[in-house]
Amino acid sequence: MRHFLTLRDLSPTELRALVARACELKKDRLNPKTRDLLRSRCMVMIFEKSSTRTRVSFEVACAQFGGTSIFLSPGDSQMSRGESVSDTARILSSMADLIVMRTGPHDRVMTMAKHSTIPVINALSDTFHPCQLLADLQTFHEYRGEMQGARVAFLGDGSSNVCHSWINAAAMMQFQLNIGAPAAYHPDAQVLSNAGSQCRITDSPAEAIEHADLVVTDTWTGMGQEEEKAKRVRDLSPFQVNHNTMALASPSALFMHCLPAYRGQEVTADVIDGPQSVVWDEAENRLHAQKALIELLM
Ligand code: CP
Ligand code: NVA
């Protein structure tokens, strides 16, 4: 029995195989070989934060595998009234087959996994967003093939859950990740220590993006950071992905964003809606990549 709390819960070989499998599943969504994978099984989704893509992609994945899903929003479960994560894990384990959890502090999803006897998937915590990276790696693979040796630039909040998962991916897939972020928005030192020489940080957006094969950003104001919005916009403005910054990347560079996007802040409309952007494939691939993940864990 395995959990998926960060990308590092897979081996690099498993991660590569998962991306390949996601591409296969994409070709044939209702393949008879997989449509009963979750038959008579139930996936419980505990979401303590908002979601469009993650919720819908997991529910559709479960439906395409013949299973049932139960969605508990923040007010729905007794956790909102103080029932412990550990008690909840025991209860869900005794009835359901898979837990998908979106929460704030990463400790909460770790506690869920510790006390669960069924697989737990991290559908985003404050520290990591590993499911997003499965789709991002699949999307790069579809457009450009092998990631090893590629140059990826992440601009903006280097301490975001998405950037932290990119750091894990860089170490596992052996690509160069250059993070352009102001000093106060550098990644967590512990997370960074896993990536070794695959990851560099600079406070110069131009230096980070130079010759990049892929440019990535994320919202400047993540869920739970709304009160800091004005300060974040001020601090992160020099790291906006726009026409001028994209001109410093490789001419064939792709642009990715996990979405939701805020046009005019972290990215301009001409970039996200332009020819280098692959954000719609990236979003769709959440479905296929998570199907491959469910298959692996179940
Ligand atoms: N990218 C992502 O996780 O989107 P949602 O918040 O809509 O699930
Ligand atoms: N970093 C963003 C990702 C949203 C999918 C957040 O945590 O809100």
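Count residues from 1 along the sequence. Ligands are counted one by one from 1 in listed order, and the atoms in each one are counted from 1 as well.
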Is there a donor-acceptor contact under 3.5 Å linking the side chains of [X] and [Y]?
| X | Y | result |
| --- | --- | --- |
| S73 | D76 | yes |
| H106 | S125 | yes |
| N161 | Q132 | no |

Practice problem: Evaluate the ring planes of F175 and W166, with Trp represented by its six-membered ring, and classify them as parallel (under 30°), tilted (30 to 60°) or perpendicular (over 60°). | Solution: perpendicular
Mark up the atoms of ligand 2 that fall under 4.0 Å of a heavy atom belonging to [X], in ascending order.
| X | result |
| --- | --- |
| L259 | 5 (C) |
| T219 | 2 (C) |
| G222 | 6 (C), 8 (O) |

Self-check item: T221 N/O under 3.5 Å from ligand 2 N/O
Solution: no
Self-check item: Check: E146 and R16 side chains under 4.5 Å, non-hydrogen atoms
Solution: yes
Quiz item: Tell me, which residues have any heavy atom less than 4.0 Å from some atom of ligand 1?
Solution: S51, T52, R53, T54, R102, H129, Q132, C258, L259, R286
Practice problem: Please report which non-hydrogen protein atom sits nearest to atom 8 (O) of ligand 2, along with the residue it belongs to and the distance in Å to one decimal place. | Solution: M223 N, 2.8 Å
Practice problem: Among all protein heavy atoms, pick the one closest to atom 7 (O) of ligand 2 and tell me residue, atom and distance. | Solution: N161 ND2, 2.9 Å
Quiz item: Where on T54 is there a heavy atom closer than 4.0 Å to ligand 2, on the side chain, on the backbone, on both, or on neither?
Solution: neither
Self-check item: Ion pair K291/E24, N-O distance below 4.0 Å
Solution: no
Quiz prompt | Electrostatic pair R29-E284, nearest N-O below 4.0 angstrom | solution = yes
Exercise. Could you go through the side-chain hydrogen bond (donor to acceptor under 3.5 Å, both in side chains) check for E266 and T217 one step at a time?
Key: CA-CA 7 Å; E266 72 274 10; T217 190; over 6 Å; no
Self-check item: CA sep, side-chain torsions, deciding dist, call: N242, T245, side-chain hydrogen bond (donor to acceptor under 3.5 Å, both in side chains)
Solution: CA-CA 5 Å; N242 55 37; T245 42; 3.2 Å; yes
Quiz item: If you measure from atom 4 (C) of ligand 2 to every heavy atom of V162, L124, T127, which option wins on shortest distance?
Solution: L124
Quiz item: Just checking, R55 and F47: is the charged tip under 6.0 Å from the six-membered ring centre and within 45° of the axis?
Solution: no
